[in-house]
Amino acid sequence: MSNDVLICLIAPRQWDRASAGLAGAGQRLAAELGGAVHALVVAPASPGIAEELARLADSVAVVEAVQPLDPEPLLATAAGFARDLAARAVLLGNDAASQELTPRLAARLGGSPMSDGAAVTFADGRIQVTRAVYGGKAVATYALGRTPAVIWLRARAQAPGVPATSPGGVRTIPTIEPKAAFPRVVERFEEPAEGIPLEEARVVVAGGRGIGGAEGFRELAALAGVMEAALGCSRPACDEGWTPVSWQVGQTGKRVAPDLYLAVAISGASQHILGMADSRVVAAINTDPQAAIFAHASFGIVEDYRKVVPALVARLAERRR
Amino acid sequence: MRTLVCMKTILDPDVPARDFAVDAARREAVRGGAALVPNVFCENTLEAALRLRETAGGTVTVVSDGVAECEETLRKALAMTADEAVHVLRDGAGVPDAAEVAGVLAAAVRHLGGFDLILLGRESGDWGLGQTGGWLAEELGVPFIAFADRIEPSAGGVRVRRHTDNGHEVLEAPLPLVVTITNSDATLPRIPKARDVMRSYKAPVTTLSAAELARAAGAGSPSEPLWHVVELAVRTREVSCELVGGDSLEEKVDAFAQRLVAALEGA
């Protein structure tokens with residue numbers, strides 16, 4: 001086993017904060033361990049991604065695939081590469097494919113998986129991961145017992161990597177296909193990218209169960225428009241089918257940390273709080289003065305959103321003129 | 001179609017933050033007056049299995065690896081019309097890691113004669129690690145799909161819809177298969193009918209021993225645990241919320257709008 005760190009990027013669309021953050025986390029852990037940092041990038045959308053990685057990693061291996069790989073060949077390919085490298089740690093991002101891959105990759109490599117890492121360090125001879133638990137009500141530090149550590153991280157929240165003086169080499173490696181039959185993607189649907197991406201937004205307007213239906217979210221869209229905000233929702237709104245699943249903010253949805261988060265008709269269940277607790281300012285609109293959301297907000301209004309939102313749209317539209 | 005749904009029982013995640021405490025020495029949450037409840041993703045999972053049964057036929061068996069109180073979760077599953085319930089009884093000490101739970105579940109799968117589909121929740125509302133499903137697939141040596149919300153029968157096995165970062169995918173998958181289920185409008189758990197609740201009280205629950213299953217699985221050579229918690233602390237967050245006042249709705253909205261504008265300008 002080496003002291004090297006492998007970072008894995010799966011089907012990145014562009015070089016973004018998540019890619020740079022993952023590379024940064026890899027560099028810092030490799031420095032602590034006294035090893036090198038290697039990168040494996042699977043099905044990158046453009047050659048520029050491998051070039052950016054080469055500025056930050058000692059070596060880059062590219063798996064060229066026209067489509068993002070199906071889960072089984074992805075696992076076989078990543079496991080084969082990581083095994084040959086004998087890395088001490090494998091770091092992945094928080095995209096769905098990486099989350100799906102993590103436990104299986106760890107199992108195949110005889111290592112320890114860990115999820116949702118906020119910070120990774122090397123202490124007392126173990127790789128340690130700090131993460132939120134109990135819906136964000138507590139923070140735990142885990143020491144990983146087996147090697148390699150296979151960890152998916154909140155990549156966007158990691159400080160970006162620092163370019164090396166000499167770029168690492170880039171090579172292409174083949175896909176490994178399992179012999180047995182495996183699940184294959186036969187349809188892929190992507191929601192049209194409208195407006196500001198939720199995770200990038202500086203202002204977020206989110207609605208919850210109290211919105212009462214898809215119609216109410218159209219009112220919120222008008223408010224988001226005048227606030228130049230992205231729209232989000234809490235779990236009940238998505239469970240009721242009022243909003244796309246990709247709008248969900250929370251433990252199992254997106255994590256956001258905007259400058260301003262406006263929670264509308266959201267009660268404030270811990271599942272939701274975990275997804276927005278790092279926002280700089282939280283404001284809330286709710287009919288219930290006892291709603292848990294107010295315990296996380298700097299200011300709020302106890303009123304029915306149906307009365308407040310149209311008035312706010314009018315007020316804030318005036319300001320923009 | 002023989003479907004197995006693995007269910008976990010957890011400390012009620014809706015306990016308000018002010019009532020939540022941890023035992024820093026034992027590195028576990030303090031139960032206090034909080035209830036133990038079925039993990040909500042496990043209820044989503046059972047719902048997905050029951051909807052599949054409506055189109056594909058077959059049976060839905062629920063299994064829970066945990067302490068005596070997990071029986072409540074199994075009774076609720078029976079009330080939601082699961083066909084059969086199996087309790088893998090674990091004596092209270094310690095929190096098992098994903099490898100230990102997956103090892104016991106894999107042994108239970110074999111003991112019960114195998115399944116076409118093995119479903120789990122995507123993660124639990126307590127520690128929220130989400131590692132058991134993937135580890136179980138490796139333990140059983142079968143393919144794995146995460147974050148699904150709809151499963152339908154198809155010629156070669158099943159069609160599985162799963163959520164991606166910005167949409168969804170449909171996969172054609174052979175059986176047997178391990179799938180984790182996420183929440184959506186397609187997995188909103190049904191409310192049990194009164195008649196089914198009554199019946200669930202009397203329905204049999206098969207009990208197996210976790211320790212015996214682990215031994216049968218040949219877990220004789222103790223291996224290093226995947227992880228252990230070295231520190232656990234309550235996250236403290238002090239925010240005092242100012243609720244805007246005013247004699248009329250208009251005044252309140254004005255005050256709120258001013259605060260919003262100030263925050264937007266600071267943004």
Side-chain angles (χ1 to χ4, degrees), chain A residues 71-72 95-96 100 103-104 107-108 112-115 133-146 181-191 202-203 227 235 239-241 245-246 251 259-260 269-270 281 283 292 294 296-303 307-308 311-312 315 319, chain B residues 13-14 16-17 20 22 29 98 122 125-131 134-135 137-138 143-147 163-174 182-185 188 224-235 239 241-244 249 252-253 256-257 259-261 263-264 267:
Chain A
E72 302 305 312
D95 53 286
E100 179 181 66
R104 303 184 72 197
R108 277 204 193 179
S112 286
M114 187 44 62
S115 57
V133 295
Y134 284 95
K137 289 197 278 270
V139 176
T141 300
Y142 288 79
L144 303 189
R146 303 185 194 174
F182 57 82
R184 288 177 193 270
V185 175
V186 292
E187 269 176 55
R188 187 168 277 130
F189 170 78
E190 290 189 6
E191 282 150 19
R202 293 169 62 222
V203 183
M227 291 174 71
R235 187 183 150 143
D239 285 358
E240 294 290 345
V245 173
S246 62
Q251 182 183 355
D259 291 328
L260 173 61
S270 51
V281 176
F294 287 125
H296 302 271
S298 310
F299 60 99
I301 181 168
V302 180
E303 272 296 346
K307 295 178 189 161
V308 175
L312 279 179
R315 282 291 310 267
R319 167 181 163 262
Chain B
D14 288 329
F20 181 83
V22 298
R122 59 175 286 170
D126 50 5
W127 297 98
L129 291 157
Q131 301 304 299
W135 200 279
E138 290 299 298
F144 175 67
I145 298 171
F147 313 129
H163 290 278
T164 60
D165 299 304
N166 49 11
H168 65 257
E169 290 174 344
V170 177
L171 293 98
E172 279 284 352
T182 193
N183 63 294
S184 84
D185 56 343
L188 202 56
E224 184 77 14
L226 294 180
W227 53 66
H228 64 274
V229 178
V230 291
E231 201 179 327
L232 179 67
V234 168
R235 195 170 170 180
V239 183
C241 181
E242 184 202 324
L243 294 178
V244 298
L249 174 71
K252 283 165 81 175
V253 170
F256 190 72
R259 295 291 307 265
L260 273 187
V261 167
L264 283 170

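This structure is a prediction, so every number in the text was calculated from the model and none was measured. Within every chain, numbering begins at 1; the chains are lettered A, B, ... in the order of the sequence lines, protein sequences first and strands thereafter.
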Heavy-atom pairs under 4.5 Å with chain A: which of [options] has the most?
| options | result |
| --- | --- |
| B:Leu129, B:Asn183, B:Leu232, B:Leu171 | B:Asn183 |
| B:Ala146, B:Gly134, B:Ala98, B:Cys241 | B:Cys241 |
| B:Thr164, B:Thr182, B:Asp165 | B:Asp165 |
| B:Val234, B:Ile145, B:Leu243, B:Asp14 | B:Leu243 |
| B:Ala137, B:Ser184, B:Ala173 | B:Ser184 |
| B:Pro143, B:Ala257, B:Gly128 | B:Pro143 |

Q: Mark yes when over 12 heavy atoms from residues, nucleotides or ligands other than A:Glu191 sit less than 6.0 Å from its CD; otherwise mark no.
A: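 Enclosed: over 12 neighbouring heavy atoms sit under 6.0 Å from CD of A:Glu191.
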[X] to [Y] - nearest heavy-atom pair and separation:
| X | Y | value |
| --- | --- | --- |
| A:Gln251 | B:Gly125 | NE2-CA, 4.3 Å |
| A:Glu100 | B:Phe147 | N-CE1, 4.4 Å |
| A:Met227 | A:Leu260 | CE-CD2, 3.9 Å |
| B:Val244 | B:Lys252 | CG2-O, 3.6 Å |
| B:Trp135 | A:Pro103 | CE3-O, 3.6 Å |

Under a 4.5 Å cutoff for heavy-atom pairs, which residue among [options] has the most contacts with chain B?
| options | result |
| --- | --- |
| A:Val308, A:Leu144, A:Val245 | A:Val245 |
| A:Glu190, A:Met114, A:Arg235 | A:Arg235 |
| A:Ala96, A:Ser270, A:Ala283, A:Ala292 | A:Ala96 |
| A:Ala181, A:Ala140, A:Pro183 | A:Pro183 |
| A:Ser298, A:Ser246, A:Ser112 | A:Ser298 |

Contact class of [X] relative to chain A, heavy atoms under 4.5 angstrom:
| X | value |
| --- | --- |
| B:Phe256 | both |
| B:Val22 | side chain |
| B:Phe144 | both |
| B:Ala29 | both |
| B:Leu188 | side chain |
| B:Pro225 | backbone |

Q. Would you say the ring centroid of B:His168 lies under 6.0 angstrom from that of A:Phe189?
A. yes
Do the non-hydrogen side-chain atoms of [X] and [Y] ever get within less than 4.5 Å of each other?
| X | Y | answer |
| --- | --- | --- |
| A:Tyr134 | B:Asp126 | yes |
| A:Val302 | A:Phe294 | yes |
| B:Gln131 | A:Ser115 | yes |

**Q.** Residues in side-chain hydrogen bond (donor to acceptor under 3.5 Å, both in side chains) contact with A:Glu72, at least two apart in sequence or another chain
**A.** A:Arg104
Q: Check whether A:Arg315 gets within reach of chain B through its side chain, its backbone, both or neither, counting any heavy atom under 4.5 Å.
A: side chain
Q) Which bit of A:Pro71 is near chain B, if near means a heavy-atom gap under 4.5 Å: side chain, backbone, both or neither? A) side chain
Q) Atom CH2 in B:Trp127, atom CH2 in B:Trp227: separation rounded to 0.5 Å? A)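 The CH2 atom of B:Trp127 sits 11.0 Å away from the CH2 atom of B:Trp227.
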